[in-house]
Structure formats: C-alpha cells, structure tokens
2 protein chains.
Amino acid sequence: MLPAGEPKFRRRKADRPGEIVEAAMQVFAEKGFAAARLDDIAARAGVSKGGLYLYFDTKDDIFRAVVEQAIAPNVQLARAMLAAHPGPFPDLIRALAAHVGGVIQTTSIGGVAKMVIGEARNFPELARIWHDRLVGPMLDTLAGVIAAAQARGEVRPGDPRAYALQLVAPLLVGVIWRETFAPVGAPAFDLPALIAQHVDTYLGGIAP
Amino acid sequence: MLPAGEPKFRRRKADRPGEIVEAAMQVFAEKGFAAARLDDIAARAGVSKGGLYLYFDTKDDIFRAVVEQAIAPNVQLARAMLAAHPGPFPDLIRALAAHVGGVIQTTSIGGVAKMVIGEARNFPELARIWHDRLVGPMLDTLAGVIAAAQARGEVRPGDPRAYALQLVAPLLVGVIWRETFAPVGAPAFDLPALIAQHVDTYLGGIAP
DNA sequence: CGTAAATAACTGACCGGTCAGTTATTAGGA
DNA sequence: TCCTAATAACTGACCGGTCAGTTATTTACG
C-alpha cells in the first residue's frame, strides 16, 4: 500500500470555490435544494465534505453563490441587448427571443429556475434574490420597452407589465415542460419552433 | 386529574381519510413533499402520527391521494366544458378562460402544481400522474379544439399543441408568480385582468 | 520545519415508520 | 336499563437511518 507517485490531494485554494459552485449548480438543478446532499456536491467537485466548509459556511451559502453565478452573466447580456437595440419593436422582440432561446438550450438555467420555484416557500431569501436580481429587472426593462413602443403607436394599449409576462410565459412553460414532464415520457416540445410560432402570434396580437 | 367531560379522541373512521388528505394538501402545497413532516399533517388533521398509518401505508401514498383528489374534479369540469360548448372559437376560449380563472383563484391547485414541478425529479411518479391525468388530456383536448377551428378557417395554420400551450402558459406563470415571488415582496399581478388581456391578444394573434 | 489545505471520522438533530399500550365504542347478558 | 366483555380506533414513545455541520488528524508545499 505505497502511495507511490500520485499525491493524495493538491492544494488549489484559488480554484476550489468555482469548482464547488459549478458542481453545486448541477446537483441543485438535478435534485433541488433540500434533496441535494453535501456529500454529492463534494464528490462531484472532487473535494471532501469537510473541504466545502473551508470556502462556504452553510448549505444556504453555497445555494446563494450558485444563484449569483447563474444570474449575473445572463442579466447582463439581456439588459445590454435591450438597451443597445435601436430598431423597431418587432425586430427587438425577435432578437431578444433568439438570444433567450439560445441561453435556455445551452445552460442549466432551466433547472435552476425550477429549483427556485420549487423551494421558494421553504427558502424565501432565494426567491427574493432571484426576483430582485433577475426576474424583476428583466420584467421592468421589458415593460419599459413595451411602454415606449406604445407611445410610438407600435403596440396597442394595455398593461405593459402584463404584456411582458405574456411574452415570456411560453418560454418558461416550455422549459418547465422539458424539465418536468418530458423525463416521464410526455411528448416533448420543439423549443425553437414553439418560440418562433409564439413570437409571430404575439406580435400579431399586440399590434394596434 | 379527572378526565371529566371531554374524551381524549373520537372514533371517526369514515371521516379521517378525507380530513387527512385535506390537511396533507395544505401542508404539501406550503412546504413541498420532502419538507412536509408527517407530524405536521397529523396535527393539522387532528390525529396522531400513528393514526395516519391506519389509513395510508407511506408518505408517497398520502401524496398520491392528494394529487388524485386535486385532479379528478377539475379535469372533469374542464373536459365537460370543452365538449359541451357549441359556439365559435373565440367564445369557447373566453368561456374556458373564465372558468379556469375561477378555479385558479378559489382552490389551492396552484400550490399543488408548484409542488409537482418542484419535486418532479425526485418523485417522477408524481409528475407522471399529474401529466397523464391532468395536463396531458387537457392539452390534447385543447389541441383538438384548435385543430377543428383551423379546419373551419377560424385559426391560422400552425402547430395546435403549441397554440394550446401558448394559451395556457400565462395563466400558469401568473400562478407561479403569485406563489413564488409575490410572497417575498414582488408586485402582484391582477390575475383576472392579466387573463382578460391575454385572451384578447391571443385571439387577435391566432386569427387568420 | 511550519503552517495552511484537505481529509475522514465523528456528533447530534431530525424524521419516516413501528408497535405496545390506551381509550372510545359496540354488543350481549342479566 | 345497567354492567361487563370484546373490539378496533387511536395514541405517543421509540428505533433506525440519514445528513448538515464539527473536529482531530494527516499531507502538501513554501
């Protein structure tokens, strides 16, 4: 039983937090907060359970870090897109839909969203972070864009916040479907096709 | 220490299961499946924990009973409505929206739905039941109605299932919002107003 | 070497499920 | 009608397993 060449572990203080958060995001997205075991997270991150506590104080703390990491880049991107786009309203919506459609299909943000929805009641602070940092600003920005379009006569009268929610809802439900019902044998939706059709009818219905 | 007038408990074999399921529905809707303690359910049902096991074998079993009880009546109603309604497509959609809006606001079905979404990965059978008995048939029926309307030239071409999902999505997201973000201080949506506006734009967008 | 990073064995609280005993209720005999 | 025996609904203390968090110890590395 000689430990021979390979050392038992490496000291990599700088890289650990990121690796742990990445592993935790996967496990949380799979199991939800309560059912995620710290042993699982540690194993997937290539660390012992005790090692987690060198970088985070509690399980909640890890959850917070995951949400922050999952949130920040995407909020940034969508915000920038809405702010930068100059064209007429339909073009803006189509560009946004294309971007969001890509994000939805390439990241595990769907699983994280499902996790937030599912655990909101037991961990209200998580719902608060998710809302204050992601959903709230996004909806406000979108509502602002819609209100501006209304002022220019490009969109019919009505509550801009509600219009914003109407736009986003089918995407969210599509993701929920994929995460919830498709795994148990329900027929899947073709997300890009669904989005395309939705944008068409949405723009048709919202025009004056 | 005389036990005097009030007896310690009553024997009410007939009423217990219903009371337990009702209590369990509340606790599950509040906490989700995993976080719901049998002690809580028992206390709310006015029974001891052991008493639960006189009527149900496992926690899963109670969950199943709750889902069945929450599902059956509503599926029945919505199905009947779709089958019975003769009028033109827009009228049918408006009637359906009004009905569903009422159900959403008077029952705890929203909480149960959130629970199913949140726990689907850890308890796939629940997602299966929810889909096979409620969501699936509902979506199929709706898609059938839409396809029929397309055949009559009342609805523009496109995937009927996707159109059905587009119709339902804002309602679902509205409920999720109410259950998830409103409790942590997010501005609430006026559900009836949201539904009304959505039906208008939906019908406008889906017309040929 | 010294010390900080990392491990692995450990603790204690919690919770689903069990079961021996308790109590309300019913049935039957005087 | 009253009393007693039999029954089954119900209770609550308990057990075993799980898991978040702690700590004593080992190991890598400047």
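Side chains are part of it too, since the values below use all heavy atoms of this structure and drop only hydrogens, waters and symmetry mates. Small disclaimer: the values here were computed from a predicted structure and weren't measured. Protein chains get the first letters and strands the later ones, always in sequence-line order, with residue 1 at the start of each.
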Separation of C:dC14 atom C1' from B:Asp40 atom CG, nearest Å, is 12 Å

Residues at least two apart in sequence or cross-chain that pass ring-ring contact (aromatic ring centres under 6.0 Å, His included) with B:Tyr202, listed by chain then number, are B:His198

Note: B:Phe181 and A:His131 closest approach over all heavy atoms is CD2-CB, 3.7 Å

- With a non-hydrogen cut-off below 4.0 angstrom, is B:Tyr55 in contact with a base, only sugar-phosphate, or nothing? sugar-phosphate

dist A:Asp57:CG -> A:Leu52:CG (nearest 0.5 Å) comes out at 12.0 Å

Between CG of B:Asp15 and P of D:dC10 the distance, given in whole Å, is 10 Å

Can you give me the N/O atom pairs linking the protein to nucleotides 15-19 of chain C at distances under 3.5 Å, or say none if there are none?
unit_1 : atom_1 : unit_2  : atom_2 : d
C:dG16 : OP1    : B:Ala36 : O      : 3.1
C:dG16 : OP1    : B:Lys59 : NZ     : 3.1
C:dG16 : OP2    : B:Leu38 : N      : 3.0
C:dG16 : N7     : B:Lys49 : NZ     : 2.9
C:dG17 : OP2    : B:Tyr53 : OH     : 2.9
C:dG17 : OP2    : B:Lys59 : N      : 3.0
C:dG17 : O5'    : B:Tyr53 : OH     : 3.3
C:dG17 : N7     : B:Lys49 : NZ     : 3.2
C:dG17 : O6     : B:Lys49 : NZ     : 2.7

TODO: Give a yes/no verdict on a cation-pi contact between B:Arg161 and A:Phe189, requiring under 6.0 Å between NZ or CZ and the six-membered ring centre and an angle within 45° of the axis.
DONE: yes

Problem set entry | B:Glu179/A:Arg121 salt bridge by N-O under 4.0 Å criterion | yes

From CG of A:Leu52 across to P of C:dA5 the rounded distance in Å is 15 Å

From CZ of B:Phe56 across to C1' of D:dC10 the rounded distance in Å is 16 Å

Run the salt bridge (charged side-chain N to carboxylate O under 4.0 Å, His left out) test on B:Lys31 and A:Glu119 for me, step by step, so that the C-alpha distance in whole Å, both residues' side-chain angles and the decisive distance to 0.1 Å come before the verdict. CA-CA 8 Å; B:Lys31 312 256 200 210; A:Glu119 314 269 0; over 6 Å; no

A:Ile20 CD1 to C:dT7 C1', in whole Å, measures 13 Å

Note to self: On the nucleotide D:dC10, are OP1 or OP2 found under 4.0 Å from the side-chain N or O atoms that B:Arg12 carries?
What the structure shows: no

